[in-house]
Asks: 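Okay, here's the structure, questions in a sec.
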Amino acid sequence: QVQLVESGGGLVQAGGSLRLSCAASGLTFSSYAMGWFRQAPGKEREFVAAISWSGSSTYYADSVKGRFTISRDNAKNMVYLQMNSLKPEDTAVYYCAARRFDPITVATTTRALDAWGQGTLVTVSS
């Protein structure tokens, strides 16, 4: 079965950086669009960033544009989220997600995703 495992979360001061990783298994990775979503306490899960199966297209939430960068390595079945200039409002559990054949964009609902990771906590202190 499809398995997504996130890593790289932690505690960082405002202005700092973190790099999240997501290891995928049990799927033909290059057939899946990959994305990152996040969920802060008491809030709904929201889109953060996504990348097409080939890596040629990327999408970002307005709140992270210019600060976060999504990338993937199809040879290693990995997707990454480089997060710079972190703000306290970025504090959340970050989830890796996969969608077969169709793209993931800012308009994609969480129900449309085919697989989710267990999440990794990012805490940004002020």
Side-chain angles (χ1 to χ4, degrees):
Q1 69 277 18
V2 177
Q3 188 173 15
L4 304 176
V5 180
E6 302 97 333
S7 60
L11 174 64
V12 64
Q13 288 189 331
S17 298
L18 280 175
R19 188 194 195 206
L20 304 184
S21 299
C22 173
S25 60
L27 75 169
T28 303
F29 187 66
S30 59
S31 296
Y32 284 75
M34 300 297 296
W36 290 94
F37 290 71
R38 67 186 181 188
Q39 188 166 17
K43 295 188 177 182
E44 292 188 353
R45 194 169 298 188
E46 64 176 6
F47 171 85
V48 175
I51 188 166
S52 63
W53 64 271
S54 66
S56 60
S57 298
T58 56
Y59 309 88
Y60 296 95
D62 287 342
S63 58
V64 306
K65 276 182 184 175
R67 300 189 298 123
F68 291 11
T69 302
I70 188 170
S71 61
R72 66 189 294 161
D73 185 336
N74 284 353
K76 296 182 179 179
N77 284 15
M78 296 289 295
V79 62
Y80 307 99
L81 186 67
Q82 178 67 44
M83 305 186 295
N84 298 329
S85 303
L86 282 161
K87 304 175 182 179
E89 51 263 43
D90 294 318
T91 295
V93 176
Y94 283 71
Y95 297 91
C96 178
R99 190 181 191 193
R100 191 177 182 191
F101 299 138
D102 293 316
I104 302 172
T105 71
V106 65
T108 302
T109 64
T110 56
R111 291 175 297 175
L113 282 300
D114 295 311
W116 292 91
Q118 83 289 347
T120 185
L121 177 63
V122 172
T123 304
V124 184
S125 63
S126 57

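Here, residue 1 is the first one in the sequence, and each next residue gets the next number. Below, each value reflects all heavy atoms present in this structure, side chains not excepted, and no hydrogens, waters or symmetry copies. Given the structure is predicted, the values throughout are model-derived calculations rather than measurements.
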Asks: Tell me the side chain to side chain donor-acceptor pair (under 3.5 Å) pairs involving residues 100-114, sequence neighbours left out?
Replies: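 For residues 100-114: none.
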Asks: What residue pairs, at least two apart or across chains, pass disulfide bond (SG atoms under 2.5 Å apart) with a residue in residues 49-80?
Replies: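 Applying disulfide bond (SG atoms under 2.5 Å apart) to every pair that reaches into residues 49-80, excluding sequence neighbours, yields nothing.
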Asks: Return the minimal non-hydrogen interatomic distance between S17 and S85, and the atom names on each side.
Replies: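 For S17 and S85, the tightest heavy-atom pair comes out as OG-N, 4.4 Å.
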Asks: Measure the shortest side-chain to side-chain distance between W53 and P103 over non-hydrogen atoms and say whether it is less than 4.5 angstrom.
Replies: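 In short, these two side chains do not touch, never coming nearer than 4.5 Å.
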Asks: Any side-chain heavy-atom pair from V106 and F47 closer than 4.5 angstrom?
Replies: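 SC-SC contact between V106 and F47 confirmed.
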Asks: Using the side-chain contact (heavy atoms from CB on, under 4.5 Å) definition, which of the options T91, L81, V64 pairs with R38?
Replies: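 Of the listed options, the one satisfying the test is V64.
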Asks: Test of understanding: clusters of I, L, V, M, F, W, Y form through side-chain heavy atoms closer than 4.5 Å, transitively. Do M83 and I70 belong to the same one?
Replies: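 Yes, same cluster.
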Asks: Is the shortest side-chain heavy-atom distance between R45 and V93 below 4.5 Å?
Replies: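 In short, these two side chains do not touch, never coming nearer than 4.5 Å.
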Asks: Quick one, C96 and V79 - any side-chain contact, counting heavy atoms below 4.5 Å?
Replies: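 Contact flag for C96/V79 side chains = yes.
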Asks: Using every non-hydrogen atom in the two residues, find where N77 and L27 come nearest and quote the distance to one decimal.
Replies: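 Where N77 meets L27 most closely, the heavy atoms are ND2-O, 4.3 Å.
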Asks: Given N74 and S30, is the side-chain hydrogen bond (donor to acceptor under 3.5 Å, both in side chains) satisfied, shown in steps?
Replies: CA-CA 6 Å; N74 284 353; S30 59; 5.2 Å; no
Asks: Are I104 and Y32 connected, step by step, through hydrophobic side chains (Ile, Leu, Val, Met, Phe, Trp, Tyr) whose heavy atoms are closer than 4.5 Å?
Replies: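 Different hydrophobic clusters.
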Asks: side-chain contact (heavy atoms from CB on, under 4.5 Å), that's the test. Do R67 and D90 meet it? Break it down for me.
Replies: CA-CA 11 Å; R67 300 189 298 123; D90 294 318; 2.7 Å; yes
Asks: What is the minimum heavy-atom distance between V2 and A115, and which atoms define it?
Replies: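 That closest heavy-atom pairing would be CG1-CB, 3.5 Å.
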Asks: Side-chain donor-acceptor contacts of residues 116-125 below 3.5 Å, not counting sequence neighbours, with atom names and distances?
Replies:
| unit_1 | atom_1 | unit_2 | atom_2 | d |
| --- | --- | --- | --- | --- |
| Q118 | NE2 | E6 | O | 3.4 |
| Q118 | NE2 | E6 | OE1 | 3.4 |
| T120 | OG1 | G9 | N | 3.2 |

Asks: In the single-linkage hydrophobic clustering (I, L, V, M, F, W, Y; side-chain heavy atoms under 4.5 Å), do L20 and M34 co-cluster?
Replies: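 Yes, L20 and M34 fall within the same hydrophobic cluster.
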Asks: Are F68 and L86 packed together at the side-chain level, in the sense that at least one heavy-atom pair is separated by less than 4.5 angstrom?
Replies: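 A side-chain contact exists here, since the closest heavy-atom pair is under 4.5 Å.
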Asks: Tell me every residue that passes salt bridge (Lys or Arg N to Asp or Glu O under 4.0 Å) with E89, counting only those two or more places apart in sequence or in another chain.
Replies: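 Expected list: none.
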Asks: Indicate yes or no: at least one non-hydrogen side-chain atom of S21 is less than 4.5 angstrom from one of M78.
Replies: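 When only atoms from C-beta onward are counted, M78 and S21 do touch, with a gap below 4.5 Å.
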Asks: Got V48 and Y60 here, is their nearest side-chain heavy-atom distance under 4.5 Å?
Replies: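 No - every pair of side-chain heavy atoms lies 4.5 Å or more apart.
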Asks: Check salt bridge (Lys or Arg N to Asp or Glu O under 4.0 Å) between K65 and all other residues, then give those that pass, not counting sequence neighbours.
Replies: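 Only D62 meet the salt bridge (Lys or Arg N to Asp or Glu O under 4.0 Å) criterion with K65.
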Asks: With R72 as the cation and F29 as the aromatic partner, state whether NZ or CZ is under 6.0 Å from the six-membered ring centre and within 45° of the axis.
Replies: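 The answer is yes, since R72 meets both limits relative to F29.
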Asks: Rounded to the nearest 0.5 Å, what's the gap from CD on E46 to OG on S63? Could you check?
Replies: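 Here the interatomic distance stands at 5.5 Å.
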Asks: Identify the heavy atoms of S54 and S56 that sit nearest to each other, and give their distance.
Replies: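 In terms of heavy atoms, the two residues are closest at OG-OG, 2.8 Å.
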Asks: Quick one: pull up OG in S57 and CD1 in I51 and give me the separation to the nearest 0.5 Å.
Replies: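 Rounded to the nearest 0.5 Å, the OG-CD1 separation comes out at 8.5 Å.
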Asks: Can you list every ring-ring contact (aromatic ring centres under 6.0 Å, His included) pair that touches residues 75-109, not counting sequence neighbours?
Replies: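 Counting only pairs at least two positions apart or across chains, no ring-ring contact (aromatic ring centres under 6.0 Å, His included) contact touches residues 75-109.
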